[in-house]
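Only a predicted model underlies this, so the values are computations on that prediction, with no experimental measurement involved. FYI, the numbering just counts along the sequence from 1.
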Amino acid sequence: MKRVLVLSLFYLNIVISFVFFSCDNNKPLETDMQSGNEKIDSIYNFYSIAKKDSEPGESRLIAIEKFINGVKELDNDSLTIRGLYYQARLLNKYFGPKRALEKSHELLEFAKEIEDSLYIGRALYRIGFYNNKLENYLESFKYYNEAFKVRRDLRDSISAGKTLTVMSDTQRILGDYNASKTTATDGLKYLENSTEYRNIAGLYHNIAIAFIELGNPNEALVWNNKLMTLTKDSIALKKIGINKIPIITNTRAYIFAKQEKYDESIAILKSLLDKGDELPEETNFSMVLSNLGYIKFLQNPDNEESEKLLLKALQIRQREDNIVGQFSSNIHLTKYYKDKDLEKARYHADQAYLNIKDFGDYEALLEVLTLITELKPDSLEDHQQFKETSLKLMELRKKTREIYAPTRFENENLLKETEEKEQQIIKVRNQNTIYLLGMMLLLTAIAFAVFFFRQRTKYLAQQNQMVQFQASYETETRISKRLHDDLGNDIFQVMLQYQNNPEDPKILSKLNTAYAKARDISRENNEFETDEEYPEELSNMLQNYTNNGIQLMARGLDTIDWTTFETPVKITVYRVLQELMTNMQKHSSASLVVLKFVNGNDSLDISYSDNGVGMAKDQLHSKNGLRNTEKRIQAIGGTLIFDSQKEKGFKANIRIPN
């Protein structure tokens, strides 16, 4: 019905439009450019060094510190906060989460000071992440929750869903499986229709584990099936990681064991063991071996092979110094010996306790203390420790629920408001369905139109591929020509001059000129980020042209949600604006450039104007750079219109359909 309505309205030319107001709050950035080019190059060089994994840790940390100090001197808040964020990550890599946590708090304070909501959310998330690394689970959950609220209010559904994923993980670690399941279900509301397959897989897995631990293996299998289905998609599998498949499969074996389908469970584990060294580190041979021995024991408590498998797994884990693995093996052996050999059962229970006591994993600690108190019913000390651990764990679970409960209430209210709005829209649509009765006669014509449209789209797609190829070819040709004509000739002249007179003082000046040209060519064609950092990359590129007294006004740039645009669109916008700004800097003699960004219901509109010398209309299409910008825009289905007259400035209007 909805599709018919849309097509019918299309043929009746009913147009629905919304008016968007763009903010005019941007002030031009004025920078002292004395030795500015050298200073900017130097500062960015430090950031480049910090980003290189091949550099020694000490060099990277020194470089990021110099980068931060440099941009602070320039009073550039956006680059300062970017530097602080990356510095925290480097500190975690080389010094651990404690140092990173300190820097993340500094990042949070700075983000609040400059009222940058995006980085407030990022800082809160990192504080939660590093607290989790330090096993401060309550602090971790608290900051994750604050990060989620910021991201939710920013309508960043992907980041909000990712945050709910790690919150669900934390609740699972604390053994609060009901809460973990609830939080994971909420996370799916934000991610399920996205391509964030890795996080979706994590949420499915958490829900499956929750149902296992809550005694509902049948429902656990439903969610494990969802996860297995997801991994059959090659694109999804690439994002999830093929190394996660054994973990998912191992969980499946555990579910079958809970259903007492031991043969199916054992068959899965044996198939994993057959892979041997191919198993990833997370699902190593000893883990599968231990699980196989334990499930064989569940199938038949008198199975002698179980003991051999369990002891072999423990020996491997002891040899590898795998403490968490040793804990798991000792738990399995405690349960195996519990009704066979009390002394051995107590020994392995005590060993499991020693393995886990310093890890801060209260759920695991409670599991082993439960076994110890059963094996040593007269030990008051063990019973007291069991009581204290149980109370601690209950308190942590209670507090995490108290933290998320108000947030979840807010979520439900927001969802309710959204649902009410959707109901209003549906009501209006239903009022228009009466017009459909007269439209049924158009169905045949519509079917023909759809067929024609598809053929036309296919033809245009082929044409667009040709346009894209030609645009890329002309860009490469232009770079090659500049390298040959500008840089090559300069270097050749310097070489001749050096041969004639090596001590000529003009040689150094000409080398500086050649370096400046090489730097300009590199800067015009460098790579740039197209993800969350794209707005910052675009703004920085534009600001690079504000030297020699040139003033830039960019209106509405900060109102555009670039995450809604595909990567080719963002690349095209960046390169086209870069070409316009380069053309302005080289030819226009302009002192003022105005850019206006408006994201309407149907299109993204960008207008460019400067107060330069302009050019005659017959010159517009003779310039290779401007012709190339037209082809770039056409390749993504957009339009570019130039308007210029001699001594009356230069204008360009870009329109890209949404």
Side-chain angles (χ1 to χ4, degrees), residues 23 25-31 36 39-52 60-95 97 99-131 143-144 146-156 158-160 162-163 528-544 546 552 554 557-563 570 574:
C23 301
N25 296 325
N26 288 343
K27 297 181 179 179
L29 177 64
E30 297 179 2
T31 307
K39 193 169 185 178
I40 290 172
D41 286 343
S42 176
I43 291 171
Y44 270 98
N45 186 49
F46 289 133
Y47 189 75
S48 299
I49 292 171
K51 292 280 283 186
K52 287 182 180 177
R60 297 178 74 185
L61 289 163
I62 291 172
I64 197 66
E65 183 70 27
K66 288 183 177 180
F67 172 78
I68 293 169
N69 292 335
V71 293
K72 280 183 177 178
E73 287 180 12
L74 296 176
D75 200 25
N76 190 318
D77 290 342
S78 62
L79 289 181
T80 300
I81 202 165
R82 182 176 175 182
L84 289 171
Y85 178 76
Y86 196 69
Q87 187 179 36
R89 301 187 71 164
L90 287 178
L91 287 170
N92 177 59
K93 181 179 179 68
Y94 296 109
F95 292 103
R99 289 284 299 278
L101 190 58
E102 294 171 7
K103 186 58 63 176
S104 295
H105 278 289
E106 182 183 336
L107 171 68
L108 177 60
E109 292 306 311
F110 187 73
K112 287 180 177 178
E113 181 183 329
I114 65 174
E115 298 180 346
D116 188 327
S117 296
L118 176 65
Y119 272 96
I120 289 173
R122 287 184 177 181
L124 289 166
Y125 184 92
R126 298 310 295 185
I127 292 172
F129 176 78
Y130 297 131
N131 268 301
Y143 280 102
Y144 277 148
E146 290 303 311
F148 164 71
K149 290 196 289 186
V150 171
R151 291 170 166 185
R152 177 200 63 192
D153 294 343
L154 285 172
R155 299 190 180 280
D156 184 354
I158 299 300
S159 294
K162 287 180 178 178
T163 311
F528 54 90
E529 299 288 343
T530 58
D531 51 15
E532 296 174 346
E533 298 175 356
Y534 176 76
E536 185 179 321
E537 293 272 12
L538 181 58
S539 177
N540 290 341
M541 181 274 290
L542 295 172
Q543 294 298 338
N544 284 338
T546 59
L552 172 68
L557 176 58
D558 58 347
T559 67
I560 305 298
D561 182 5
W562 292 104
T563 61
K570 290 187 275 191
Y574 186 101

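- In this view, Tyr130 satisfies the ring-ring contact (aromatic ring centres under 6.0 Å, His included) rule with no residue, not counting sequence neighbours.
- By the side chain to side chain contact (heavy atoms under 4.5 Å, CB included) test, Glu102 is found to be paired with Arg99, residues two or more places apart in sequence or in another chain being considered.
- Here Thr163 pairs with Arg151 under the side-chain hydrogen bond (donor to acceptor under 3.5 Å, both in side chains) rule; sequence neighbours left out.
- Residues meeting the salt bridge (charged side-chain N to carboxylate O under 4.0 Å, His left out) test with Glu106, sequence neighbours left out: Lys103.
- Rounding to the nearest 0.5 Å gives a distance of 8.5 Å between CD1 of Ile43 and CG of Leu79.
- For Ser539 (side chain) and Pro535 (main-chain N/O), no donor-acceptor pair under 3.5 Å exists by modelled atom type.
- Applying the salt bridge (charged side-chain N to carboxylate O under 4.0 Å, His left out) criterion to Glu532, with sequence neighbours excluded, gives Arg122.
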Check your understanding: Yes or no on side chain to side chain contact (heavy atoms under 4.5 Å, CB included) for Gln87 and Glu65, after CA distance, side-chain angles and deciding distance?
Key -> CA-CA 8 Å; Gln87 187 179 36; Glu65 183 70 27; 2.7 Å; yes
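- Remark: aromatic rings of Tyr143 and Tyr125 are distant, center separation not under 6.0 Å.
- With sequence neighbours left out, Ile62 forms a side chain to side chain contact (heavy atoms under 4.5 Å, CB included) with Glu58, Lys66.
- Under the rule for a side chain to side chain contact (heavy atoms under 4.5 Å, CB included), the partners of Asp77 that lie at least two apart in sequence or sit in another chain are Asp75, Phe110, Ile114.
- Residues that satisfy the side-chain hydrogen bond (donor to acceptor under 3.5 Å, both in side chains) test with Asn92, not counting sequence neighbours, are absent from this structure.
- The shortest non-hydrogen separation linking Tyr574 to Tyr534 is N-OH, 3.7 Å.
- Scanning for salt bridge (charged side-chain N to carboxylate O under 4.0 Å, His left out) contacts around Arg82 gives Glu533, Glu536, Glu537, with sequence neighbours left out.
- The nearest pair of heavy atoms linking Gln543 to Leu552 is NE2-CD2, 4.0 Å.
- Scanning for side chain to side chain contact (heavy atoms under 4.5 Å, CB included) contacts around Ala50 gives Ala63, Ile64, Tyr86, Leu90, with sequence neighbours left out.
- Every residue meeting the side-chain hydrogen bond (donor to acceptor under 3.5 Å, both in side chains) condition with Thr563, not counting sequence neighbours, appears here in chain and number order: Asp561.
- Closest heavy-atom contact between Lys570 and Thr530: NZ-O, 2.6 Å.
- The minimum heavy-atom distance between Val150 and Leu124, with the atom names listed, is CG2-CD1, 3.9 Å.
- A pairwise comparison of heavy atoms in Ser104 and Ile127 identifies CB-CG1, 3.6 Å as the closest pair.
- For the salt bridge (charged side-chain N to carboxylate O under 4.0 Å, His left out) test, residues two or more places apart in sequence or in another chain that qualify with Glu73 are Lys39.
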